[in-house]
Amino acid sequence: MSSHDDIAAVRDQLLARYETLETKSDILKSAELKQLFGKIPSLPPAERGAFGQAINQLSNELKEKVAADAHAANELPAIDVTAPFDTNASKPDLLPSQHGTIHPLTQEIAKLSDIFGRMGYVVEQSREIDDQYHMFEALNFPKGHPARDDYDTFMTEEKDTDGEPFVAPAHTSTMQNRILKKYKQNLADGEAIAAIVPDRVFRNEDLDARHEHTFYQLEGIYVAKGVHAGMLIATLQKFLEEYYGKKLDVRVNPFYFPFTEPSFEFALSCPFCEGKDDSCKVCSGEGWVELLGCGMIHPNVLKAADIDPNEYTGFAFGCGIDRLVMMKHQIEDVRHFESAKLDFLRQF
Ligand code: PHE
């Protein structure tokens, strides 16, 4: 038998065995293949090249078979998209129109993240349980600070190692300290810290059409050398114009937050009536809508993350996402969002 007949015989054996294997890639480890390779040195030098090539060819053929089958195994089963939908099938209560839709807030958060993504911001998540340090101390609310009362939220009975309860965060600013620390290296590299946190927050509220115990905020943080309040206002204006798809006027009034100095309350010209409709439901005929709190990050907040406030400055803002979306879609009651009412949800 010539050496090439050996290869042909082994090929037949391996192909037959291949069909029976559970783990198809085992074929590549078969003893026969190894033996063939092992034979090469014993052949007359003139035959070695052709023989080696023939084994390689067999080995490649097997590899391709294994790869093709692995690919096929990962593919979804074929679906006949032209088959008629049988409305009397086993689940008549699941007609296509009754399948779920993406929650309007989730849809809008994706849009907000996209707008800020294009401005170079990274997107971070918040938490549903946090500690007092991130809720207050790191944000320059020392113990006993009266402004803590503005953030009345839910607490656990369980205490942390300082004997303090954990909290359901009342704002996304709880993430400021973590984000400043996480991206501090950006500053050393001559770049900015730029992040948003669109996430869920909680407050112990009396519920009505404008107040919900669970809602969403969009926190924004930007820190670099030479950042000033003009940049904050320009960023917010651009963002809102992009979101509402039109030119808007903005109004900035002084305000107070412990973690920003100076602090502002930021309003925009009503995107619906533009101040022209005295009975406008969105702005109550005022022409302005108060939308968010913002300001220049307080030096103590930067220091809590080991950032030198003499070298770097930054701005932060916290915007109610539910509010933004209610205004965009003229939704009259914030409670719809958490209500799981399908007639409401299916409109989006
Ligand atoms: N966290 C503030 C609030 O919920 C809003 C805010 C965020 C203000 C960032 C300034 C800077 O009321």
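Every number for a ligand or one of its atoms is a count from 1 in the order of the listing.
Those atoms of ligand 1 that come under 4.0 Å of a heavy atom in Ala316, given as number and element, are 9 (C), 11 (C). Shown in contact with Glu219 at under 4.0 Å from a heavy atom are these atoms of ligand 1, numbered in order with element: 7 (C), 9 (C). The contact set between ligand 1 and Arg203, taken as ligand atoms under 4.0 Å from a residue heavy atom, comprises 3 (C), 4 (O), 12 (O). Atoms of ligand 1 lying under 4.0 Å from any heavy atom of Phe317, numbered from 1 in the order shown and given with element: 7 (C), 9 (C), 11 (C). Distances below 4.0 Å separate heavy atoms of Ser173 from the following atoms of ligand 1: 1 (N), 7 (C), 9 (C). Of all the atoms in ligand 1, the ones that sit under 4.0 Å from a non-hydrogen atom of Phe259 are 1 (N), 2 (C), 6 (C), 7 (C), 8 (C), 9 (C), 10 (C), 11 (C).
Other residues, nucleotides and ligands contribute more than 12 heavy atoms inside 6.0 Å of the CD atom of Glu205. The local environment of NZ in Lys246 is crowded, with over 12 non-hydrogen atoms from other residues, nucleotides or ligands closer than 6.0 Å.
If you look at Phe344 and His336, their ring centroids are closer than 6.0 Å.
Atom 3 (C) of ligand 1 has Tyr151 OH, 3.6 Å as its closest protein atom, hydrogens excluded (heavy atom only). The protein heavy-atom contact nearest to atom 7 (C) of ligand 1 is Gly318 N, 3.3 Å.
The shortest heavy-atom distance from Phe315 to ligand 1 is not under 4.0 Å.
Taking the centre and axis of the six-membered ring of Tyr243, the NZ or CZ atom of Lys328 falls inside the cone set by 45° and 6.0 Å. For the pair Lys143 and Phe136, the cation does not sit on the ring face, since its NZ or CZ is not both under 6.0 Å from the ring centre and inside 45° of the axis.
Judged by distance alone, the side chains of Gln185 and Asp189 do bring a donor and an acceptor atom under 3.5 Å apart.
Using cut-offs of 30° and 60° for the angle between ring planes, the Phe239 and Phe116 rings count as tilted.
Remark: ligand 1 and His171 share an N or O pair separated by less than 3.5 Å (distance only, no angle test).
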